[in-house]
There are 2 protein chains.
Amino acid sequence: MNSAIIVAAGKGTRMGQGVDKLFLEVAGKPVVAHTWQRFNDSSCIDEIVIVVRDGLQPAFAEMAKLYMFNKPHRFVPGGAERQDSVWNGLSGLNPASEIVAIQDGARPCTSTELIEATIAAALETGAAVAAQPVTDTIKESADGKLISRTMDRSRLWSVQTPQTFRVDVIRRALTEVRQRGMLVTDDTAACELIGQPVQLVTGTKPNPKVTVRADLPLVESVLAGVNRPSL
Amino acid sequence: MNSAIIVAAGKGTRMGQGVDKLFLEVAGKPVVAHTWQRFNDSSCIDEIVIVVRDGLQPAFAEMAKLYMFNKPHRFVPGGAERQDSVWNGLSGLNPASEIVAIQDGARPCTSTELIEATIAAALETGAAVAAQPVTDTIKESADGKLISRTMDRSRLWSVQTPQTFRVDVIRRALTEVRQRGMLVTDDTAACELIGQPVQLVTGTKPNPKVTVRADLPLVESVLAGVNRPSL
């Protein structure tokens, strides 16, 4: 069976004023409800584990009722860092789960097609991640003041979620991270640590993360079905 | 004196359907009119050279009338590549010009504060560029299929415009590029080639480029004065 973990335990500190970005309304419902909807709707996903902050479990249970999210789901508590939240999510999976798609709660535009493409790639390679070629000009700076060099943009990819894995692979990778006491920015970095190849899966639509309030208009237009010609 | 070059000669092929992204309406006027407005309004800028596509000069002259852009300006024709357009722009500068701010016509949210900060930095270092720390997780891939490694994001900067230079510096840098028959993605890359240090100047607001129609809602919200808390 295939599972999803939706990481919805962030502190959202970049929004300021204690506003939780996951609960901002966009296109008629909270950001995280859109995210949940996609996994609820995907016929490839059998169960959903949602990692939530202490005290917010009732709000999420209410959301499931309101939007009629009828796919099996359960809640687990968040950890100190994102990787700890993912670890908690893994402990909440059905023991029969073979594939897990790990998703940022704050990425409401992820499509069911993209979810399913990462599952297919993870079945093939063991690990896969939604990614977009970098279109900005990227410079490296050693001191944050002067440019050190121009990066070769054709080799750079911006990675998003879902990050999708064979369950045994991601468990092994995160165990290694925890034993070494490391901090990783994303789950595929844990795979790199154990030499597990990770496949890039390119989506055809923007898949932005809501980090600040100014991100909402783009999210709204993507949700409204504005198509972005492939780059 | 200080000059600006607005590069407005792109083909806009990523928008599809022959739509020129520079002429898309946002917040009541064409994208490029917002860009022009900022340089028209900046008290640090003495003249504006606008690089336009063949045949579009009358449309730009009309725009100047309509929006009462009263700062001295002139038009020069675009070249085959962006760097050729910039080269043409340099040939159109007043001989007394000491500093030039080079701007993408498709970046309508650039603030006068940012323009002036890059001028101050260029006076100090010889070259400066508007930049933002990269917030996405960036991976390198040798083949575009599998991840090769995770980049150290704390060293990566996404560069925008204005890219601002001492006029003698950018002339020398682009002459070198042309003599070597190279193609550079931006003007600061030309400076790297001649060993000219380039200073990073961080703006406080988003400064997006209009590349596809889906970029317009964000641009609209920035123009409407939505503030993005500093990251």
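The figures here come from the full heavy-atom set of this structure, side chains too, leaving out hydrogens, waters and symmetry mates. Bear in mind the structure is a predicted one, so any value in this text is a computation, not a measurement. Every chain is numbered from 1, with letters handed out A, B, ... down the list of sequences.
The stretch residues 139-151 of chain A places A:K139, A:E140, A:S141, A:A142, A:G144, A:K145, A:L146, A:I147, A:R149, A:T150, A:M151 near chain B, each with some heavy atom under 4.5 Å from a heavy atom of that chain.
Proximity to chain A is limited to the side chain of B:T125, based on heavy atoms less than 4.5 angstrom apart. Looking at A:V219, there are no atoms closer than 4.5 Å to chain B (heavy atoms on both sides), in backbone or side chain. For a residue to count as touching a neighbouring chain, one of its non-hydrogen atoms must lie under 4.5 Å from one of that chain's; by this rule B:V184 does not touch chain A. In this structure, the portions of B:V159 lying under 4.5 Å from any heavy atom of chain A include both its backbone and its side chain.
Atoms CG and CG, on A:L218 and B:L218 in that order, are 6.5 Å from each other to the nearest 0.5 Å. Remark: A:I138 CD1 to B:L156 CG distance equals 6.5 Å, nearest 0.5 Å.
Residues satisfying the side chain to side chain donor-acceptor pair (under 3.5 Å) criterion with A:S3, sequence neighbours excluded, are A:E47, A:S97. Every residue meeting the side chain to side chain donor-acceptor pair (under 3.5 Å) condition with B:D84, not counting sequence neighbours, appears here in chain and number order: B:R178. Every side chain to side chain donor-acceptor pair (under 3.5 Å) that B:Q103 has, sequence neighbours left out, goes to B:T110, B:T161.
Annotation: maximal heavy-atom pairing with chain B below 4.5 Å, among A:D136, A:V129, A:D152, A:V134, occurs at A:D136. Annotation: maximal heavy-atom pairing with chain B below 4.5 Å, among A:Q199, A:E220, A:E192, occurs at A:E192.
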